[in-house]
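Because the structure is a prediction, the values reported are computed rather than measured. In this chain, numbering begins with 1 at the start of the sequence shown.
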Amino acid sequence: MYSIINVKDFAGGLDIAVQYIHSKWGSKENYSFYYDAIAHSSEEGKSLPRFYLLIKEGAIAGCYALLTNDLISRQDLYPWLGCLFIEKSERGQQLGNYLMEHGITEAGKLGYEKVYLTTDHDGYYEKYGWQRIEDGFDFYGQSTRIYQKSTNKIQPGYAFNTCCFKQV
């Protein structure tokens, strides 16, 4: 069984959690950026940012984050679902969708009506109900697609609680 946990709850500790997420999304030059962002996430009284890990038998199998900005020009839109990653050995089981649905549920609990993401993947997010709304610009000035999904349109078939998911 898989569980989705906040990085602050990872039994392996914050350093290992940060190293994992950074290894998937960071570069040699920006480790301190990731560490600082993740260490200050999920603070009491603040809704965002939040970083999550997908756990299978105590090991990290994936990750995602809910962010106020995903380094894109449309800073008026938030929260952003970012840092989505599933280990290659775990792919093909719709785990990416499970993480996205968890993020949508969490954003809804925080009072947000929509969740956004930016991607250069074509076709992946659409099959899970994400709607392309427009293009924005990434940190380097390159055009990038922006998608949104309503927090009240959670796909049926899976129930989430604070730590786990299971088929219902």
Side-chain angles (χ1 to χ4, degrees), residues 4-10 14 17-27 29-54 60-87 91 94-155 158 160 162 165:
I4 301 170
I5 63 168
N6 188 294
V7 293
K8 300 272 178 109
D9 298 325
F10 180 54
L14 185 63
V18 172
Q19 288 171 18
Y20 177 84
I21 296 169
H22 178 262
S23 75
K24 305 309 177 194
W25 295 104
S27 65
E29 297 81 23
N30 67 3
Y31 181 80
S32 58
F33 173 88
Y34 275 81
Y35 189 89
D36 199 42
I38 295 169
H40 292 95
S41 70
S42 305
E43 291 186 348
E44 193 68 35
K46 294 183 182 178
S47 62
L48 299 173
R50 293 187 179 194
F51 291 81
Y52 296 90
L53 299 173
L54 176 65
I60 302 172
C63 60
Y64 87 92
L66 287 174
L67 308 164
T68 56
N69 187 286
D70 199 12
L71 301 178
I72 186 168
S73 59
R74 291 301 307 273
Q75 295 188 26
D76 58 311
L77 304 175
Y78 59 90
W80 292 87
L81 189 136
C83 303
L84 180 66
F85 184 84
I86 301 294
E87 289 295 329
R91 293 181 186 168
Q94 295 194 13
L95 295 173
N97 184 46
Y98 300 144
L99 290 181
M100 288 186 281
E101 293 300 322
H102 183 269
I104 290 164
T105 300
E106 292 299 301
K109 288 178 188 176
L110 295 170
Y112 296 103
E113 293 180 16
K114 296 178 182 176
V115 178
Y116 302 89
L117 63 82
T118 181
T119 186
D120 58 359
H121 293 289
D122 192 20
Y124 178 75
Y125 296 98
E126 292 91 341
K127 72 180 178 180
Y128 296 115
W130 290 83
Q131 297 175 333
R132 184 175 180 181
I133 58 170
E134 63 185 83
D135 288 356
F137 297 93
D138 68 17
F139 188 70
Y140 302 101
Q142 300 296 311
S143 180
T144 183
R145 288 173 262 191
I146 299 173
Y147 291 81
Q148 73 178 13
K149 193 164 184 187
S150 173
T151 58
N152 64 2
K153 293 184 179 177
I154 298 170
Q155 294 180 356
Y158 291 89
F160 290 90
T162 58
F165 64 85

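Between S47 and Y112, the shortest heavy-atom distance links the atoms OG-OH, 3.0 Å. The two residues L53 and C63 make their nearest non-hydrogen contact at CD2-CB, 4.1 Å. F51 and P49 get closest at one heavy-atom pair: CE1-CB, 4.1 Å.
Between I60 and F10, the closest side-chain pair of non-hydrogen atoms falls below 4.5 Å. Residues Y128 and M100 form a side-chain contact, since some pair of their non-hydrogen atoms from C-beta on lies under 4.5 Å apart.
Between the CD1 atom of I72 and the CG atom of L117 there is a distance of 9.5 Å, given to the nearest 0.5 Å. Within the model, atoms CD1 of I133 and CD of Q131 stand 9.0 Å from one another, a figure rounded to the nearest 0.5 Å. Rounding to the nearest 0.5 Å places CG of D70 at 8.5 Å from OG1 of T144. Annotation: the span from Y125 atom OH to T118 atom OG1 amounts to 9.5 Å, rounded to 0.5 Å. The line from CD1 of I4 to OG1 of T105 is 9.0 Å long, rounded to the nearest 0.5 Å. To the nearest 0.5 Å, the span separating NZ on K109 from CD1 on I104 amounts to 13.0 Å.
The environment of F137 atom CZ is sparse: at most 12 non-hydrogen atoms of other residues, nucleotides or ligands sit within 6.0 angstrom. By the 6.0 Å contact criterion, NZ on K8 is enclosed, its count of non-hydrogen atoms from other residues, nucleotides or ligands being greater than 12.
Taking the six-membered ring where tryptophan is involved, the planes of Y64 and H102 are perpendicular, since the angle between them exceeds 60° and thus also 30°.
Checked against W130 for a side-chain contact (heavy atoms from CB on, under 4.5 Å), the options V115, T119, I146 give a single hit: V115.
The pair E106-R50 meets the salt-bridge criterion, with a side-chain N (NZ, NE, NH1 or NH2) lying under 4.0 Å from an Asp/Glu carboxylate O. Taking the charged nitrogens against the carboxylate oxygens, E126 and R145 have no contact shorter than 4.0 Å, which rules out a salt bridge. The pair R74-E134 counts as a salt bridge, with a side-chain nitrogen and a carboxylate oxygen less than 4.0 angstrom apart.
Side-chain N or O atoms of D138 include one that pairs as donor or acceptor with a backbone N or O of Y140 at under 3.5 Å. A donor-acceptor pair under 3.5 Å is absent between the side-chain atoms of N97 and the main chain of Q94, judged by distance alone. The main-chain N or O of G108 is never found under 3.5 Å from a side-chain atom of T151 such that the two would form a donor-acceptor pair.
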Exercise for review: Begin from the C-alpha positions of V7 and V18 and carry the test side chain to side chain contact (heavy atoms under 4.5 Å, CB included) through to its verdict.
Suggested key: CA-CA 8 Å; V7 293; V18 172; over 6 Å; no
Pairs of donor and acceptor atoms involving the side chains of residues 78-87, under 3.5 Å and at least two apart or interchain, shall be tabulated with distances.
| from | atom 1 | to | atom 2 | distance (Å) |
| --- | --- | --- | --- | --- |
| W80 | NE1 | L77 | O | 2.6 |
| E87 | OE2 | Y20 | OH | 2.7 |
| E87 | OE2 | K24 | NZ | 3.1 |

Could you give the side-chain donor-acceptor pairs of residues 31-39 under 3.5 Å, partners two or more places apart or in another chain?
| from | atom 1 | to | atom 2 | distance (Å) |
| --- | --- | --- | --- | --- |
| Y34 | OH | W25 | O | 3.1 |
| Y35 | OH | D15 | OD1 | 3.3 |
| D36 | OD1 | H40 | ND1 | 3.1 |

